[in-house]
Amino acid sequence: MSTIETTRPAPFGAIATYHFMQFVSTALGRVKGWNDARATRKALSALSDRELDDIGLCRGDIDHIG
């Protein structure tokens with residue numbers, strides 16, 4: 001039985017395109033995470049001290065969420 005080698009180099013620019021798309025995906029993920037943390041801090045800031053105490057937080061804890 002004979003074997004056929006099927007490996008060939010990637011087309012010109014394919015690797016650069018892959019790295020660019022990976023960079024964009026990572027950047028968008030970080031922006032989404034930042035925005036989620038921002039929205040959470042904003043919602044927690046709107047709560048009263050009693051409501052924060054009910055969920056086990058104080059005003060000083062809000063800044064460390066993220």
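Just so we're clear, the structure is a prediction, and the values are computed from it rather than from any experiment.
The shortest side-chain heavy-atom distance between Leu47 and Ile55 falls under the 4.5 Å cut-off. Contact annotation: the side chain of Ile65 approaches that of Leu44 to within less than 4.5 Å [non-hydrogen atoms, C-beta and beyond]. The closest side-chain heavy-atom distance from Asp61 to Leu52 is not below 4.5 Å. Side-chain contact between Ser48 and Glu51: present, with at least one pair of heavy atoms (C-beta onward) separated by less than 4.5 Å.
With hydrophobic clusters built from ILVMFWY side chains whose heavy atoms lie under 4.5 angstrom apart, Val24 does not share a cluster with Val31. Placement of Phe12 and Tyr18 in two distinct hydrophobic clusters is found when ILVMFWY residues are connected by side-chain heavy-atom separations under 4.5 Å, directly or transitively.
Counting heavy atoms of neighbouring residues, nucleotides and ligands inside a 6.0 Å radius, atom CD1 of Ile15 does not exceed 12 of them.
Here Asp63 pairs with nothing under the salt bridge (Lys or Arg N to Asp or Glu O under 4.0 Å) rule; sequence neighbours left out.
Taken to the nearest 0.5 Å, the CG atom of Asp36 stands 10.5 Å off from the CZ atom of Arg41.
Of the possible donor and acceptor atoms, none in the side chain of Asn35 sits under 3.5 Å from a partner among the backbone N and O of Lys32.
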